[in-house]
Enquirer: 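Here it is, the structure in full.
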Amino acid sequence: MRTHRCGALRASDVGREVSLGGWVHRRRDLGGLVFVDLRDREGLVQVAFGPGWSPAEVMERAGTLIGEAVILVKGVVEPRPAGQANPELPTGEVEVHATEVRVVGPAATPAIPVARVRGEPLAAEELRLRYRYLDLRRPEMYRNLELRHRLLQRTRRELSERGFLEIETPMLTKPTPEGARDFVVPSRVYPGQFYALPQSPQIYKQLLMVSGFDRYFQLARCFRDEDQRADRQLEFTQIDLEASFVTPEDIYAVTEGVLVALWAEAGAPVEAPFPRLAYRDAMARYGSDKPDLRFGLELMDLTPRIGEGSGEFLRAAVGRGERVRALAVPGGAALSRKDLDALTAAAKTMRASGLVWAKRGPDGPTGPGVKALGAAALEALGLGDGDLGLAVAGPDAIALPALGRVRLEVIRLLELPPSCRHAFVWIEQFPLFEREAETGNLTFMHHPFTAPHPDDAALVATDPERARAQHYDAVYNGVELGSGSIRITDPAMQAQVFERLGMAPADVEHRFGWLLEGLRSGAPPHGGIALGFDRIALLLAGGESLREVIAFPKTAAARALFEGAPTGIPAADLAALHLTVAS
RNA sequence: GGGGCUGUAGCUCAGCUGGUUAGAGUGCCGGUCUGUCACACCGGAGGUCGCGGGUUCGAGCCCCGUCAGCCCCGCCA
């Protein structure tokens with residue numbers, strides 16, 4: 001049907017008779033001459049219809065071609081007349097003089113424009129999703145998904161070459177009561193029983209290690225029934241890997257190899273190894289477990305400087321055992337009152353009670369922070385002329401993330417220049433456990449199979465909250481790329497951890513028995529990591545939302561607008577699944 | 001579960017302090033046009049102002065509710 005793709009034609013093709021197929025991107029009808037920009041995935045080429053080379057009925061048909069119709073064209077590649085080349089198109093030196101044209105895919109007027117006029121904003125997100133087949137025609141979307149394809153292939157190549165086997169694991173699995181909410185699938189065969197879609201292939205990959213596969217990877221689809229974000233979809237893809245007889249160092253090396261390769265694939269050379277930062281330090285210095293290290297601007301602890309000279313509010317906070325965390329912003333005095341209000345609002349969205357600020361001008365410090373902090377704390381901030389001091393009081397669990405968020409807002413408002421373009425970092429030594437905010441119960445930070453740090457194994461029994469884990473996160477420019485750990489392979493330690501989590505042995509057996517049984521059957525030490533592939537694709541494509549790098553994404557409210565999912569099903573189908581819907 | 005922003009022509013938007021017949025660009029339809037490339041020019045059609053209720057002599061505009069999209073908090077082993 002076709003000899004070339006539209007976007008592939010070049011001056012070297014001049015003289016060739018070609019057959020093309022594509023979409024009418026735009027038509028320019030000059031009466032006696034008609035130009036059609038014909039588009040396919042490789043780009044645009046100008047098809048020219050003129051009485052000198054197009055038969056009369058072809059000329060006539062050219063005048064009726066409508067945007068987004070699919071046409072087949074036969075013609076000859078000709079150089080454009082002198083001065084008529086279009087330097088903005090790779091095909092701009094040539095045009096195809098059409099001798100035949102046939103509309104094979106008539107098109108209604110598109111509901112959203114594919115060929116936009118210059119500077120025209122995109123259609124509303126809702127319409128882009130509703131008419132996804134049109135939105136995906138845009139070259140930007142094609143480029144994103146083509147990049148995604150290359151990243152997938154490159155991942156496979158890199159991991160295969162490192163001895164990892166790609167092994168698929170089930171999509172119909174066992175519901176897990178902890179972690180994210182499961183998507184549940186009713187069993188037709190077993191009334192009242194359910195499968196769940198996997199939140200991750202965690203247990204399977206550990207069993208593959210038990211089985212001696214040694215190195216596993218999968219581009220794993222995962223499902224979590226939780227509320228959405230710009231960087232979170234309810235179904236997503238992980239680069240999931242696991243290896244035996246490894247230390248964290250081994251996993252770091254493999255991961256760095258993959259990430260360096262993926263960044264190279266996207267044309268962004270980066271270097272390994274990545275620096276490392278302990279979780280504690282990341283929180284204390286940046287107020288985040290995914291710090292953006294392209295920027296300095298580190299947090300300070302003013303707690304010891306809060307005293308006699310400070311305001312009642314901060315003294316009371318410190319008296320309750322809370323801390324006063326602060327940020328000195330060079331040049332920050334340039335921020336307006338409105339900016340400071342915005343920063344305060346940002347702190348409050350992170351549940352901080354407020355934000356204390358002080359500016360230093362030529363006549364000394366001004367602002368509510370002067371009194372609140374007192375001379376000693378103010379001095380410790382070390383503000384120079386034109387600087388801004390910001391402080392948040394509260395328990396570290398609130399004050400640090402709140403100030404971390406303020407830090408990012410300050411960077412944005414002041415448009416601070418990054419010190420580098422690509423800031424990878426490993427965050428390590430996460431706590432093994434944390435307290436649930438609502439219940440105060442001890443819960444795992446990563447998952448219940450995460451091994452404690454070798455130095456802290458004894459703490460699991462004596463002081464679990466202080467125990468660090470062999471759990472690590474890969475972070476890039478303030479974005480969490482992935483999370484992994486060395487797993488527990490010692491049944492005694494596993495039992496101890498479950499006990500700490502308040503899980504009864506019988507309960508544990510019921511939920512995880514098949515994994516624990518496996519671990520007791522001769523389990524090699526093993527560990528791994530799961531990288532958020534969609535996020536990586538998004539970062540490398542340079543977009544704002546995962547919807548830019550997913551062909552058919554869900555909305556923020558977990559709906560598929562193009563097809564109208566989720567939806568009810570006929571009563572007979574419900575009955576076959578032994579389900580009734582409660583009103 | 002909570003908060004914020006948005007919703008006016010197919011699309012992107014404007015619409016003053018509540019006041020007569022709701023506008024623009026683009027797309028669409030018709031016409032002229034042989035070197036355009038956002039073609040140009042002339043003419044035309046096109047509106048449940050998201051939906052429901054309320055206030056008012058009068059509502060696109062004010063109030064209440066609701067739906068949808070987006071962003072954030074919680075949540076996301």
Side-chain angles (χ1 to χ4, degrees), chain A residues 25-38 44-52 54 59 63-64 66-68 78 80-89 91-92 95 97 108-131 134-135 176-182 198-200 202-203 222-234 236 345-352 398 401-402 405 433-434 436-438 443-450 471 480 483 485 501 511-512 530 532 544-545 547 554-557 559 561:
Chain A
H25 190 69
R26 230 188 280 278
R27 190 187 75 207
R28 292 174 294 281
D29 189 340
L30 276 58
L33 277 180
V34 178
F35 298 98
V36 166
D37 290 337
L38 195 60
L44 295 178
V45 70
Q46 175 164 283
V47 178
F49 298 82
S54 303
M59 277 307 290
T64 68
I66 274 185
E68 296 310 310
E78 298 284 357
R80 295 208 190 174
Q84 294 295 337
N86 184 347
E88 287 178 24
L89 289 181
T91 60
E95 61 190 15
H97 285 200
T109 302
I112 59 173
V114 177
R116 283 175 299 153
V117 298
R118 189 172 296 163
E120 184 183 355
L122 291 174
E125 192 81 40
E126 187 176 354
L127 297 169
R128 292 180 54 199
L129 291 169
R130 170 74 183 77
Y131 304 100
L134 290 175
D135 195 47
T176 52
E178 52 284 302
R181 277 184 286 268
D182 283 320
Q199 297 179 24
S200 85
Q202 182 63 35
I203 290 179
C222 304
F223 305 85
R224 294 177 191 174
D225 187 7
E226 297 291 347
D227 290 339
Q228 311 285 287
R229 287 287 187 284
D231 63 350
R232 241 165 53 192
Q233 281 270 316
L234 36 84
F236 58 99
K348 284 183 174 171
T349 67
M350 301 294 285
R351 294 181 297 159
I398 286 178
R405 170 70 170 270
F433 302 103
E434 61 185 342
E436 261 178 12
E438 285 170 21
T443 183
F444 41 83
M445 193 145 184
H446 186 42
H447 56 55
F449 318 115
T450 304
H471 162 195
E480 183 197 316
S483 209
S485 66
L501 294 170
R511 292 184 194 175
F512 306 116
E544 295 287 321
S545 157
R547 292 182 299 273
K554 303 285 187 284
T555 67
R559 285 144 45 89
L561 294 184

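In what follows, chains are A, B, ... by sequence order, proteins preceding strands, each numbered from 1.
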Enquirer: Nearest nucleotide by nearest heavy atom, which residue falls closer to the 5' end of RNA chain B, A:Q46 or A:P113?
Expert: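 Looking at RNA chain B, the more 5' nearest nucleotide goes with A:P113.
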Enquirer: How close or far is atom P of B:A38 from atom CG of A:L44, stated in whole angstroms?
Expert: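 Distance, rounded to whole Å: 11 Å.
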Enquirer: Between the protein and nucleotides 43-46 of chain B, list every N/O to N/O distance that falls short of 3.5 Å.
Expert:
none

Enquirer: Could you run down nucleotides 23-30 of chain B 5' to 3' and tag each one B, S or - for protein heavy-atom contact under 4.0 Å?
Expert: ---SSSS-
Enquirer: As a test of reading the structure: which of B:G10, B:G1, B:A68 is closest to the side chain of A:D227, going by heavy atoms?
Expert: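 For A:D227, the side-chain atoms sit closest to B:G1.
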Enquirer: Take the protein atom CG of A:L33 and the nucleotide atom P of B:U32, then report the distance between them rounded to whole Å.
Expert: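 Nearest whole value for this atom pair: 16 Å.
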Enquirer: In whole Å, I'd like the distance from the CD atom of A:E480 to the C1' atom of B:C76.
Expert: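 That distance rounds to 10 Å.
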Enquirer: Can you tell me how far P of B:G74 sits from CZ of A:R224, to the nearest Å?
Expert: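 One finds 17 Å between P of B:G74 and CZ of A:R224, rounded.
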Enquirer: Without decimals, in angstroms, what is the distance between A:I112 CD1 and B:G69 C1'?
Expert: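 Those two atoms, CD1 and C1', are 14 Å apart.
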Enquirer: Expressed as a whole number of angstroms, how long is the span from A:R116:CZ to B:A38:P?
Expert: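 Distance, rounded to whole Å: 14 Å.
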Enquirer: Side-chain N or O of A:R229 less than 4.0 angstrom from OP1 or OP2 on B:C75?
Expert: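 No, because none of the side-chain N or O atoms of A:R229 sits under 4.0 Å from OP1 or OP2 of B:C75.
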Enquirer: Taking only the side-chain nitrogens and oxygens of A:R28, find out if one of them lies under 4.0 Å from OP1 or OP2 of B:U36.
Expert: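 Checking B:U36 against A:R28, no side-chain N or O comes under 4.0 Å of OP1 or OP2.
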